[in-house]
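The structure appears below as structure tokens.
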Number of protein chains: 2
Amino acid sequence: MPFTYEYPRPAVTVDCVVFGLDQGVLQLLLIKRNSPPFAGCWALPGGFVDQNETLDAAARRELEEETGLREVFLEQLFTFGDPGRDPRGHTVSVAYYALVRQDRHVPQAATDTSDAVWYSVAKLPKLAFDHQRIISTAVARLQGKVRYQPINFELLPRKFTLTELQGVYEAVLERALDKRNFRKKILAMGLLAETKEKQQGVAHRAPQLYQFDAAKYKKLTKQGFNFEL
Amino acid sequence: MPFTYEYPRPAVTVDCVVFGLDQGVLQLLLIKRNSPPFAGCWALPGGFVDQNETLDAAARRELEEETGLREVFLEQLFTFGDPGRDPRGHTVSVAYYALVRQDRHVPQAATDTSDAVWYSVAKLPKLAFDHQRIISTAVARLQGKVRYQPINFELLPRKFTLTELQGVYEAVLERALDKRNFRKKILAMGLLAETKEKQQGVAHRAPQLYQFDAAKYKKLTKQGFNFEL
DNA sequence: TCAAAAGTGTTAACCATACACCCATGC
DNA sequence: GCATGGGTGTATGGTTAACACTTTTGA
């Protein structure tokens with residue numbers, strides 16, 4: 001069933017840069033393309049925006065369809081619309097980035113069409129379209145955002161150790177941080193609540209588990225509090 | 001001449017939030033709409049993206065067509081795509097924000113169709129579509145960006161006094177800054193070059209005029225320098 | 001008892017803030 | 001000579017950065 005308009009329209013798609021963490025290494029979820037263009041290449045999960053669908057909804061739908069992931073942290077990144085970026089014709093892509101908790105990682109191998117695979121951000125394969133550029137934009141955004149918004153928690157399980165948290169910052173920022181200073185600072189903010197649990201089954205002193213207190217963060221933010229590194 | 005596609009496509013537009021400065025007050029450039037929907041309402045300059053046109057090019061083209069402004073600072077802001085935002089049908093708008101130098105301000109009253117008028121950001125009229133929301137997003141972005149990128153210079157003439165520059169920061173951030181600390185900090189960065197000129201014809205000590213040294217900024221940035229407030 | 005990571009304080013350098021008076025100019 | 005904004009320095013408190021050893025646990 002064809003759709004006709006008085007003026008030409010570019011196609012509108014969404015693409016998702018999905019960040020995850022494995023063994024303290026920043027990973028990205030990619031999809032193997034089965035059909036042209038770029039058949040056999042790796043690409044970001046994404047697809048066309050449906051009629052009367054919000055952009056956020058389209059991104060979430062495509063993410064679930066292609067990777068099985070849902071209820072993740074998702075934010076709009078940037079819109080890419082260079083005419084040459086898709087050989088099939090003028091396509092405007094609204095890019096999103098997502099952060100996936102470590103314990104939800106597993107991309108249901110089940111999803112019919114596609115193999116979704118985690119790749120270390122440091123060693124990405126050749127990518128379809130301008131997806132390499134989208135990823136670079138996403139990494140830069142994440143590095144910037146992490147300094148003034150507590151979003152790194154979205155990459156860890158609900159309960160985590162301070163060392164794990166520090167590891168996320170180090171993975172994202174690509175530099176080492178001082179352990180004592182990091183703990184001092186992050187605890188001084190009062191956004192972490194100790195749980196009564198300690199990590200089990202490690203061959204060394206069992207570390208304390210903490211939880212991020214989102215309600216407290218919201219409250220402090222309203223009072224003009226500023227999260228900083 | 002109709003254009004036909006296999007699947008429905010939203011229309012794609014660009015909208016520009018144009019910031020200017022008048023007597024130290026932050027202003028916005030708005031267009032009076034002549035035709036429905038929202039005839040008689042004020043709106044952001046903008047329009048449809050042409051076939052095989054980049055988004056940036058579309059934004060610049062619309063800006064020039066509707067306001068006569070060209071060669072301004074222009075950056076992508078955010079993309080708004082809620083299905084209800086345009087009563088004519090599903091329309092995705094890629095919003096941009098622009099900063100206009102004070103000495104280029106004058107929106108050629110000449111541009112045929114439209115009256116473009118500067119409004120103080122503090123006292124905006126009722127706006128068409130979701131343009132109020134786009135503007136709020138732009139103001140928030142500008143306030144954030146100004147702290148870590150030297151973009152405020154784009155709102156001043158090429159040569160300006162430190163008091164003028166401080167005024168821009170105060171207008172954008174909506175709070176007073178300490179004169180001595182501001183000067184110390186901004187001069188310490190070494191991004192301002194004294195010119196040999198002083199401001200003329202003022203009924204008090206003639207202030208020194210400065211210029212922003214973009215080349216130096218670029219060089220320092222490459223070396224890892226970080227502009228901060 | 002060894003290996004492995006957890007946890008913990010102090011000091012010194014730097015940076016941010018607060019604050020008030022004299023200066024040059026045009027009218 | 002007066003009104004107007006331009007221009008300048010210091011002291012204090014707070015923040016960041018650098019740095020090493022003891023503790024707990026499981027194997």
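Convention: sequence-line order gives letters A, B, ...; per-chain numbering from 1. The shown structure was predicted, so the numbers you read here are calculated from the model rather than taken from an experiment.
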For the pair made of CD in A:Glu228 and C1' in D:dT15, what is the distance, rounded to whole Å? 12 Å
Among B:Leu99, B:Val172, B:Leu21, which residue satisfies the side-chain contact (heavy atoms from CB on, under 4.5 Å) criterion with B:Asn152? B:Val172
What do you reckon, are the aromatic ring centroids of B:Phe227 and B:Phe225 less than 6.0 Å apart? no
Residue mapping more 5' on DNA chain C - nearest nucleotide basis, A:Arg180 or A:His204: A:His204
Distance in angstrom units between B:Gln208 CD and C:dT25 P, rounded: 12 Å
I need the CG-P distance between B:Leu162 and D:dG6, as an integer number of Å. 9 Å
Is the B:Tyr97 ring parallel, tilted or perpendicular to the B:Phe19 ring (thresholds 30°, 60°)? perpendicular
OP1 or OP2 of C:dA5 under 4.0 Å from side-chain N/O of A:Thr163: no
Could you give the CZ-to-C1' distance, from B:Phe182 to C:dA16, as a whole number of Å? 15 Å
To the nearest Å, give me how far apart CG (B:Leu177) and P (C:dA18) are. 11 Å
Under the side-chain contact (heavy atoms from CB on, under 4.5 Å) test against A:Ile134, which residue among A:Phe78, A:Phe80, A:Phe129 passes? A:Phe80
Min side-chain heavy-atom separation B:Leu124-B:Ile135 under 4.5 Å: yes
Please state whether the phosphate of C:dG7, meaning OP1 or OP2, lies under 4.0 angstrom from any side-chain nitrogen or oxygen of A:Arg183. yes
Atom CE of A:Met189 and atom P of D:dT15 are separated, to the nearest Å, by 12 Å
Expressed in angstrom and rounded to an integer, what is the separation of B:Glu170 atom CD from D:dG5 atom P? 14 Å
Comparing B:Glu164 and B:Asp178 on DNA chain D - which has the more 5′ nearest nucleotide: B:Glu164
Quick note, B:Pro207 side chain, CB onward, closest among D:dA18, D:dG6, D:dT25 is D:dG6
Just the rounded figure in Å: distance from P of D:dG9 to NZ of B:Lys185. 19 Å
Between D:dA27, D:dT8, D:dA17, which nucleotide gets closest to the side-chain atoms of A:Lys184? D:dA17
Donor-acceptor pair present, A:Lys198 side chain and D:dT25 base, under 3.5 Å: no
Relative to the 5' end of DNA chain D, which residue comes earlier, A:Gly201 or B:Leu209, by the nucleotide with the nearest heavy atom? B:Leu209
